[in-house]
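So that the names make sense, note that chain A is the first sequence line, chain B the second, and so on, each numbered from 1. What you are looking at is a predicted structure, and each value in this text was computed from that prediction instead of being measured.
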There are 2 protein chains.
Amino acid sequence: MKIIGKIGKGKKEVEEKEIIKPILLKEVARKVDIAEGERAVEDILRCIYRNQPISTKKIGQYVKLPLPIIAKVRTLLERSKILDREEKGAVLTEIGNEFVEKELKLKMKHDLTCPLCNGRGIVLDEMFEEILKKHKMYAKKRPTVNTTIDQSYATPETAVYRAALMAQRGDLEGKRILFVGDDDLTSIPTALTNLCEEVVVVDIDERLLKLIDDVSKKENLNIKTIKHDLRNPLPEELRCKFDVIFTDPPYTLNGMKLFLSRGIEGLGGEGIAYLAFSHKPIDEWIEVQKTLSKMGFVIYELIPGFNLYEGSEIIGNTTFLARLIGKNLKPIIEDVEKIYTGEIKPTLRYYKCLNCGKIYEVGDKIKRIEDLTCECGGKKFSMIKRKKIKD
Amino acid sequence: MKIIGKIGKGKKEVEEKEIIKPILLKEVARKVDIAEGERAVEDILRCIYRNQPISTKKIGQYVKLPLPIIAKVRTLLERSKILDREEKGAVLTEIGNEFVEKELKLKMKHDLTCPLCNGRGIVLDEMFEEILKKHKMYAKKRPTVNTTIDQSYATPETAVYRAALMAQRGDLEGKRILFVGDDDLTSIPTALTNLCEEVVVVDIDERLLKLIDDVSKKENLNIKTIKHDLRNPLPEELRCKFDVIFTDPPYTLNGMKLFLSRGIEGLGGEGIAYLAFSHKPIDEWIEVQKTLSKMGFVIYELIPGFNLYEGSEIIGNTTFLARLIGKNLKPIIEDVEKIYTGEIKPTLRYYKCLNCGKIYEVGDKIKRIEDLTCECGGKKFSMIKRKKIKD
């Protein structure tokens, strides 16, 4: 019998008959500890089959999984001789190809995603193309991200497509819109449409608010910015006055509850909410869905992978965008303290200076890699390891 | 002051100052008794502003409302001199244009929906174009709809786009799929992809099953059809064996519960479900959403207006398509009797014979217009009135 691969640390040689779908997929899912289970491994293989060679980052965007998970799956599948690594990314080996075609019965070698809109369902017209040009320029002026408050920047394209979607759905013309946090600067392309009655941003980060103020002044956009810690209720003058809210909250259940609840304070009893949120394992996502129902929101539209981010590998660089319609809305806030992912799953990361090789621990005494400068003066680091802090 | 219109039955003349947004929109929403309220009237006006002249049917597809509601709104807005009626459909009058631009602050005169995929996010490749050609031919052989069991046919394009979406999402290759009811014949394009491990259809209508059998034999598709009344549990041999289910159930909460629950019996503890369902007022849709959560389904993707139907005016010719992912699934069935819309909201309709003019009542003794032949031998009728039967 043909020996076609090795599985696991023991490098036990396995025979062809043994590498059948359930064994390999289950084994990999178990070892990587993916909440989504076998289906996630299958999704990764299907993505590679259709798009090879493809980078880990691109796979992440397709299958909506964090990049470290995809990297691990790739490594395990390479050990099993299913995958190979080329310069441009992952490819199936001959054995891998046989496996996915015979065991997973894959046949479709290409993608049906609309090449014009990339699956978003809308396209930019001339006005929005102009806005994109401008916004790309302004987005360059963003301060470095503060990861301790879960900042990560959506690409300028994403911000402009968000504004275009809201415009298309009729949620900008003549409307008052509140951005509950706006580290992505979505308020700028939104205000540049010149469609809204009022654009207001509340955020805790003064650096961002200053940038928005500067652009607003230069472009005569009249965006109102308010420095506010969203753990506190919305200022009185912002209550019950908006038609639409937009939020891309911290990707925790508490974070979502808090930001949407502050949004509800702004909307009053009813209105439209746009929620950008990360693709969660089913168990977590069902809690999000139940919370939305309790608040009074229905998911009227949900576009997976709508939002792309710059360098936020942990969420797989992509989140969904949901358009929610709310009636008889009520805020639900349980814990205003544990809202950031770092507070829920504290993680230590180890970075190596690319200049002298010295290794630093980040996440405890040094909070953020952005704050680190090496003794040698080096400012470039590569992450070599991450470890969750146990309670 | 310029007199710009008349509102209501009394034809009281009103002055320009009075026709401000809240009054007109609220008034129309109240008179038409739209659950969606003012927002629906605004949606209709925005749709006309962007797409005029536009037919009632097309407006229905845009705003996702039943056509009788749109027809009533049009009539009221014509009385208020906001709308006019041209050969190709509704247009704004000069006064109407001023109203939407000044009061509703509308500015965007065009649509951003992707012209290539029509907002569905996917396109048909050569294989699917071939399937569409074939399926259009087969769809012509469909029997007349049986409206007492809420049959209404999706267009052949819709059925093929459904198969393409499932293929794109990885839900066909190597998968066992169960169609829980299939009056749209979606099983045919699905099986024509030749991607699935198994395609099974359960439906109560023998005429449809025979058509599917005939096509399956001719095309060598191996679709299994089973005549089954879904008010009864799924036959033992179909339990816990499918990866994916597809259903376009009766558009009532009980109908959705029943059909999805039978689907869950077919899936076992987990799997993927595609649900085509009508756009409901928020109060009803939130009940649907809560039920999905209770069953163990998350809404992973939701595309409004994905499905188009032939001549089913009451649902506005369009429904959404949701891709649900389920874990720890459990069926929830409450009432297996009241699942069809006719059982929940019995309606009497009055039809006039186009030949001799005689009027018939349909919905009580005569159940379906399809069964009616006039005394004069005429078989063509036009509906002149509908009336809900009060309990």
Side-chain angles (χ1 to χ4, degrees), chain A residues 21 39 42-43 46-47 103-108 110-125 127-128 164-165 167-168 170 172-175 193-197 270 279-280 282-283 285-286 288-290 292-293 296-304 320 322 325-327, chain B residues 21 39 42-43 46-47 103-108 110-125 127-128 164-165 167-168 170 172-175 193-197 270 279-280 282-283 285-286 288-290 292-293 296-304 320 322 325-327:
Chain A
K21 172 182 159 185
R39 191 182 302 123
E42 202 183 318
D43 283 348
R46 191 185 325 104
C47 169
E103 298 300 335
L104 306 185
K105 319 269 177 169
L106 299 191
K107 283 181 192 168
M108 249 177 75
H110 55 276
D111 206 277
L112 302 176
T113 304
C114 176
L116 191 57
C117 68
N118 275 319
R120 282 176 170 139
I122 52 161
V123 289
L124 303 184
D125 63 5
M127 177 181 84
F128 280 102
L165 187 77
Q168 172 60 22
L172 296 189
E173 286 158 294
K175 308 293 185 193
T193 65
N194 203 21
L195 294 172
C196 304
E197 194 66 3
E270 60 173 45
H279 295 277
K280 293 279 183 190
I282 307 302
D283 296 334
W285 176 220
I286 208 154
V288 173
Q289 188 172 287
K290 282 180 182 169
L292 295 179
S293 298
F297 281 123
V298 297
I299 300 170
Y300 194 84
E301 178 170 12
L302 195 153
I303 310 170
F320 67 74
I325 304 186
K327 201 173 163 181
Chain B
K21 174 181 158 185
R39 192 182 300 122
E42 202 182 320
D43 284 348
R46 192 186 324 104
C47 169
E103 298 300 335
L104 307 185
K105 318 269 178 169
L106 299 192
K107 283 181 192 167
M108 249 178 75
H110 55 278
D111 205 279
L112 303 176
T113 304
C114 176
L116 191 59
C117 68
N118 274 318
R120 282 175 170 139
I122 52 161
V123 289
L124 303 185
D125 63 4
M127 178 181 84
F128 279 102
L165 187 77
Q168 172 60 22
L172 296 188
E173 286 159 294
K175 307 293 185 193
T193 63
N194 204 20
L195 294 172
C196 305
E197 194 67 3
E270 59 172 47
H279 296 276
K280 294 278 184 191
I282 306 304
D283 296 334
W285 175 219
I286 208 154
V288 172
Q289 188 172 288
K290 283 180 182 169
L292 294 178
S293 297
F297 281 122
V298 298
I299 300 169
Y300 193 86
E301 180 170 10
L302 195 153
I303 310 171
F320 67 73
I325 304 186
K327 201 173 164 182

Between [X] and [Y], which heavy-atom pair has the shortest distance, and what is it?
| X | Y | result |
| --- | --- | --- |
| Val123(B) | Pro115(A) | CG2-CD, 3.9 Å |
| Lys327(A) | Asp283(B) | NZ-OD2, 3.1 Å |
| Lys105(A) | Gly174(B) | CB-CA, 3.5 Å |
| Ile299(A) | Ile299(B) | CD1-CD1, 4.0 Å |

Note, [X] side chain near [Y] side chain (heavy atom, < 4.5 Å):
| X | Y | value |
| --- | --- | --- |
| Ile325(B) | Arg39(A) | yes |
| Leu116(A) | Cys117(B) | no |
| Tyr300(A) | His279(B) | yes |
| Gln289(B) | Leu292(A) | yes |

Between [options], which shows the greatest number of heavy-atom pairs under 4.5 Å with chain A?
| options | value |
| --- | --- |
| Asn118(B), Leu195(B), Leu124(B), Asp43(B) | Leu195(B) |
| Gly119(B), Gly326(B), Gly296(B), Ser293(B) | Ser293(B) |
| Ile122(B), Val298(B), Asp125(B), Ile303(B) | Val298(B) |

Next item on the list: Ignoring hydrogens and angles, tell me if any N or O in the side chain of Lys107(B) forms a donor-acceptor pair with the backbone of Asn194(A) under 3.5 Å.
Entry: yes
Notebook entry, point to check: Got a donor-acceptor contact below 3.5 angstrom from the Gln168(A) side chain to the Leu112(B) backbone?
Noted result: yes
Checklist line | Distance (rounded to the nearest 0.5 Å) between Met108(A) CE and Thr193(B) OG1 | finding: 9.0 Å
Note to self: So, taking the atom named CE in Met127(A) and the one named NE2 in His110(B), what distance separates them when rounded to the nearest 0.5 Å?
What the structure shows: 6.5 Å
